[in-house]
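So you know, we letter chains A, B, ... as the sequences are listed, proteins then strands, and number each from 1. For the numbers below, each heavy atom of this structure counts, side chains included, while hydrogens, waters and symmetry mates do not.
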Amino acid sequence: MAAGDAQAAATLVRRYQARVYGLARTIVGSPALAEDVAQEAFLKAWRYAGAYDPRRGRVTTWLLTITRNTAIDAVRYQRELPTDPSLLLGVLDGRADGAPDPSDVDSRDDLRRALGKLPSEQSLPLVLMVLYGLTARDIAEREGIPVGTVKTRVRRGFSLLRQGLGVSDD
Amino acid sequence: MTDRADCQDVRDLLPELAAGVASGEQRAVALAHLTGCPDCRRELQEAATLVDELMLALAPEHEPPAGFESRVLAALPVPRPRHRRRPTRWLAIRAAAAVLAAALVAVLAVGLTWRHGADDRQLAARYRQTLAVADGRYLTAAGLAEASGQKAGHVFAYQGSPSWLFVELTAAPASGVYAIRLVTTDNRTVSAGVCRVTAGSGAYGRTIDLAVSAIRRVELVQPGSPTLVATLR
């Protein structure tokens, strides 16, 4: 048991550390805090590995969800977001950052392009919700717009992204 | 929103549900609707897939600083591959245990009676009786605790014909099913069934083929909660 566990842990960390650390850094900004967040995410993943349901998704997305939630907790009480979502959106020109799974590169690029094409009033709340874990109400307060408007924009954004992916590039 | 959400209410919530930011109340209302609405379930599944893809698309991979991997591995609760070597003093301990057996049984019985109520008086009486009627050699006990030292219960091991193991949990950190593993003095791991725990309490008992002297420690394992260990040695 011990030898197998140690091997599995090393494989898990080695394989996903760049993804986990990359996401943590995207959300919390500070490299030092990102390292703490990434370490905590791996500890949680290891602790809750038994709760991972292979039918519900890939290990990557499961691990990234844990990372995102850990990162959000780490910066929850900061008044300002530690990184600027607008800057993140500004670089969505289809360049592939890093080297994700080869089979996924095309669809990720398509998704980045599709997001880059959305008006910022749709893409910004969407990124705030998906990446920074803000609720529609949080976003409404932050942006000074009604909650209903935020919900409409996010839903519209979701719908356009799905359509955009469905019909590939237009 | 009322307790009886319709499709429109739930679709309004889909992005927040998919992104995992909906409140508990919102999730409950949506769940009540989703169980009976395949269309909304499909919509939610598609939205959740999109959220997953967005997270992957938006977060660039970034190699962590040097030494990250070894720091994480050092922090993970994985036993070190290095083999722990201890001088085997078991024979001496066993001799002492045999001499002390009667006193130990008496102390345990009194302790159990004092600590717990009628149920455990009965339990202690059973142990005394078992030792008496089935040629029991000794009864030993060890505290069951998390790695942090937080106590969770006790393990009682009875050497007789047959030998028994009894686990009593009074403050387990989680409910559910704990797998029971016996780690032997020669470092083998033997599965010994499961113990169900409700609200921190549970009990388990069975005969064991191993000699009690061959059990180094008893581990109770449940994914997602701290492993509980009793060291018998």
Side-chain angles (χ1 to χ4, degrees), chain A residues 1-3 5-6 9-10 13-14 17-23 25-27 31 34-35 38-39 42-43 46-51 57-58 60-61 64-65 68-69 88 92 97-100 104 107-109 111-112 115 126-127 129-131 133-136 151 154-155 157-158 161-162 165, chain B residues 11-16 18-23 26 43 45-65 67-84 176-177 179 181 183 187-189 191 219 221-227:
Chain A
M1 180 184 81
D5 277 1
V13 175
R14 210 164 290 147
Q17 58 181 354
R19 276 235 163 271
V20 166
Y21 178 73
L23 177 60
R25 216 175 131 132
T26 302
I27 297 174
E35 195 179 340
Q39 176 164 329
F42 276 115
L43 286 174
W46 191 251
R47 205 176 300 144
Y48 300 126
R58 290 172 298 185
T60 321
T61 53
L64 289 186
T65 304
R68 185 201 69 171
N69 294 342
L88 189 66
L92 291 177
D97 292 295
D104 292 332
S107 66
R108 302 267 159 72
D109 279 351
L111 189 56
R112 286 193 195 94
L115 192 61
L126 208 144
V127 169
M129 186 176 285
V130 170
L131 208 55
L134 300 191
T135 64
K151 288 188 172 186
V154 173
R155 283 188 58 193
F158 266 57
L161 287 184
R162 275 161 54 188
L165 290 179
Chain B
R11 298 211 178 176
D12 204 40
L13 278 175
L14 277 181
E16 283 171 287
V21 301
S23 70
Q26 288 171 325
E43 287 282 324
Q45 182 58 50
E46 287 179 12
T49 303
L50 179 62
V51 166
D52 286 350
E53 288 298 319
L54 276 170
M55 249 195 296
L56 289 165
L58 284 170
E61 287 192 276
H62 200 302
E63 287 298 331
F68 176 79
E69 179 185 326
S70 50
R71 282 193 291 278
V72 172
L73 291 176
L76 287 176
V78 175
R80 300 286 175 278
R82 190 161 49 86
H83 193 70
R84 284 201 304 174
V177 177
R181 297 176 184 165
V183 180
N187 281 328
R188 285 182 302 124
T189 301
S191 291
E219 296 178 342
V221 181
Q222 181 177 198
S225 65
T227 294

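- Rounding to the nearest 0.5 Å places OG1 of A/T61 at 10.5 Å from CZ of A/R19.
- Interface check for chain B: of the options A/V154, A/L126, A/L64, A/N69, the most heavy-atom pairs under 4.5 Å are formed by A/L64.
- With a 4.5 angstrom heavy-atom cutoff, A/R25 touches chain B only via side-chain atoms.
- Remark: B/R11 CZ to A/K151 NZ distance equals 15.5 Å, nearest 0.5 Å.
- Shortest non-hydrogen contact noted between A/Q17 and B/P64 is OE1-CG, 3.7 Å.
- Between chain A and the options B/A18, B/G20, B/A19, heavy-atom pairs under 4.5 Å are most frequent for B/A19.
- With a 4.5 Å cut-off on non-hydrogen atoms, B/L14 does not touch chain A at all.
- Counting heavy-atom pairs closer than 4.5 Å to chain A, the top-ranked of the candidates B/V183, B/L54, B/T227 is B/L54.
- Taking each heavy atom of B/A75 and A/L43 in turn, the nearest pair found is O-CD2, 3.4 Å.
- In this structure, A/F42 and B/L76 approach most closely via the heavy-atom pair O-CD2, 4.0 Å.
- Between chain B and the options A/A18, A/A34, A/G22, heavy-atom pairs under 4.5 Å are most frequent for A/A18.
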